[in-house]
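The first residue in the sequence is number 1, and the count goes up from there. Reckoned from all heavy atoms, side chains included, excluding hydrogens, waters and symmetry mates.
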Amino acid sequence: MPLALLALAVGAFGIGTTEFVMMGLLPDVADDLHISIPSAGHLVSAYALGVVIGAPLLAAVTARMSRRTVLISLMGLFVAGNALSALAPDNGWLLAARFLSGLPHGAFFGVGAVVATNMVAPERKARSVSLMFLGLTVANVLGVPVATLMGQNLGWRATFLGVSAIGLAAIAALAFLIPHDHEHTTAQGLRGELAALRSLPVWLSLGTTVAGFGALFSAYSYITPMLTDAAGYAGASVTLLLALFGVGATAGNLLGGRLADHSLRGTLFGGLTSLVVVLALFPLLMRTEVTAAVGVILLGMAAFATGSPLQLMVMEKASSAPSLASSANQAAFNLANAGGAWIGGLALAAGFGVTSPALAGAALAVLGLAVASLAYTVDRRRAPATGRERIVASHVPQEAEAVHH
């Protein structure tokens, strides 16, 4: 694997840290800015809104630019957003800064996935994407806990300054390690990129992402009350258990990337099926502390085993505009976050029990399997099977040759 993937992973680590650290800093931010906790919670929504809007928009408007230049520019926008967050004088300015911080998130992962796959041989494409996503999962294990402790001891503004420093390190790594790619820049522009999204298989792939990761967030959004009220953990133990989720997500991400290089659809179906089983068993797993810890790890593994396959599936179906489609998939991840949390909340509010969001998630995972099966059926009708799947390209790109030399 080329060392350039490390630069993408560093950027993903910074993005993952700033995305999730706000949850742990809400009380500190609310107290410092003299606002309520629910009002501070809008800062999480502002970031997610930035991701959903920025992912397809920035990928489309930068379609004619060198992908290396796009990645560096996006990380520059990320640094600016986090620095402005640290300097925000009031809640209004902080909302705007968090929205700005979210804008480059999806486009960075989308364009980064294309760059990652273009630097390796076809049989290593899924693994290359999983190594970029490794930065995101490791952020949940190390970045978020450390950044939260920094904010609690040095003030929440110090956290965002620290994340800005990670962004600057990522810019340096991107500048030194990502190969120049001017000759590979797309010439079709915005209209051509948007035309690629008219394909039914692309939308079915995006729908699989929304349903599949909606299943995860239906349960994960309410994991704390499950662990405390059902499994009997003390509140102080939840942070460690969430780190275990990050460990499971990291393992699942790496496993999914390796398996997807052998069978893209097989890994996707296997991951979604595992997610159905784990979520369906959650009411039983949450009965003891030991089984609850195992359940948290298995949830991370099952969900993130589908990350690389879903990303590559979208890129394969929109091969004429992989950057835009890949970025749109990141917007789908965030829609899944919001929608899954909402559906899980409905189950909880209906009085079905503290573990009911997991059962709602299992239903969403079944829906994801149904959409993925429909996508498979559509593909079989459009073209006969031709043996082992190849993702996006069937040759070793010139970028890979440049990196290897």
Side-chain angles (χ1 to χ4, degrees), residues 4-5 7-22 43-88 93-116 129 132-133 135-136 139 143-144 147 159-175 177-178 181 185 190 193 311 314-315 321-335 337-338:
L5 292 176
L8 297 173
V10 172
F13 178 80
I15 289 174
T17 299
T18 200
E19 179 182 18
F20 294 108
V21 75
M22 182 56 75
L43 296 168
V44 177
S45 301
Y47 183 92
L49 181 62
V51 177
V52 173
I53 293 176
L57 178 63
L58 292 179
V61 299
T62 58
R64 293 182 180 273
M65 296 172 59
S66 157
R67 290 182 181 129
R68 177 178 180 272
T69 301
V70 171
L71 288 172
I72 293 174
S73 300
L74 290 172
M75 194 50 57
L77 185 60
F78 170 83
V79 170
N82 282 279
L84 289 173
S85 296
L87 301 174
W93 281 100
L94 186 54
L95 278 170
R98 286 294 290 170
F99 175 80
L100 181 65
S101 299
L103 285 176
H105 175 129
F108 181 88
F109 279 108
V111 176
V114 177
V115 171
V129 173
M132 179 185 69
F133 283 158
L136 181 65
V144 173
T159 294
F160 291 110
L161 288 177
V163 172
S164 298
I166 296 174
L168 291 174
I171 289 175
L174 291 167
L177 297 177
I178 299 295
D181 62 334
T185 302
L190 177 58
E193 291 274 329
Q311 191 74 28
V314 172
M315 292 165 61
S323 295
L324 177 58
S326 183
S327 299
N329 198 49
Q330 292 300 311
F333 277 122
N334 277 268
L335 287 175
N337 190 337

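To the nearest 0.5 Å, atom CD1 of residue Ile53 and atom CG of residue Leu58 are 10.5 Å apart. The OG1 atom of Thr62 sits 9.5 Å away from atom CZ of Arg67, with the distance rounded to the nearest 0.5 Å. Within the model, atoms CG of Leu5 and CD1 of Ile178 stand 7.5 Å from one another, a figure rounded to the nearest 0.5 Å.
Of all the heavy atoms in Ala59 and Ala107, the pair that sits closest is N-CB, 4.3 Å. Of all non-hydrogen atoms in Leu100 and Gly81, the two that sit nearest each other are CD2-CA, 3.9 Å. Scanning both residues, Ser85 and Ser101, for their nearest heavy atoms gives OG-OG, 3.9 Å.
By the side-chain contact (heavy atoms from CB on, under 4.5 Å) test, Ala113 is found to be paired with Val129, Met132, Gln311, Met315, Ser326, residues two or more places apart in sequence or in another chain being considered. For the ring pair (Phe, Tyr, Trp, His ring centres under 6.0 Å) test, no residue two or more places apart in sequence or in another chain qualifies with Phe78. Applying the ring pair (Phe, Tyr, Trp, His ring centres under 6.0 Å) criterion to Phe108, with sequence neighbours excluded, gives no partner residue. The side-chain contact (heavy atoms from CB on, under 4.5 Å) check on Ile72 picks up Arg68, Ile171, Leu174, Ala175, with sequence neighbours excluded. Residues that satisfy the side-chain contact (heavy atoms from CB on, under 4.5 Å) test with Leu95, not counting sequence neighbours, are His42, Leu43, Ala46, Asn91. Take Ala88 and apply the side-chain contact (heavy atoms from CB on, under 4.5 Å) test, not counting sequence neighbours, and it matches Trp93, Leu94.
Annotation: side-chain hydrogen bond (donor to acceptor under 3.5 Å, both in side chains) contacts involving residues 160-171, sequence neighbours excluded, are absent.
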Residues Leu8, Leu71; criterion side-chain contact (heavy atoms from CB on, under 4.5 Å); working and verdict: CA-CA 9 Å; Leu8 297 173; Leu71 288 172; 3.8 Å; yes
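Between the Asn337 side chain and the Phe333 main chain, no donor and acceptor come within less than 3.5 Å of each other.
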For residues 9-22, please give each side-chain donor-acceptor pair under 3.5 Å, one per line with the distance, not counting sequence neighbours.
{"residue": "Thr17", "atom": "OG1", "partner": "Phe13", "partner atom": "O", "Å": "2.8"}
{"residue": "Thr18", "atom": "OG1", "partner": "Asn82", "partner atom": "OD1", "Å": "2.6"}
{"residue": "Thr18", "atom": "OG1", "partner": "Arg98", "partner atom": "NH1", "Å": "3.2"}

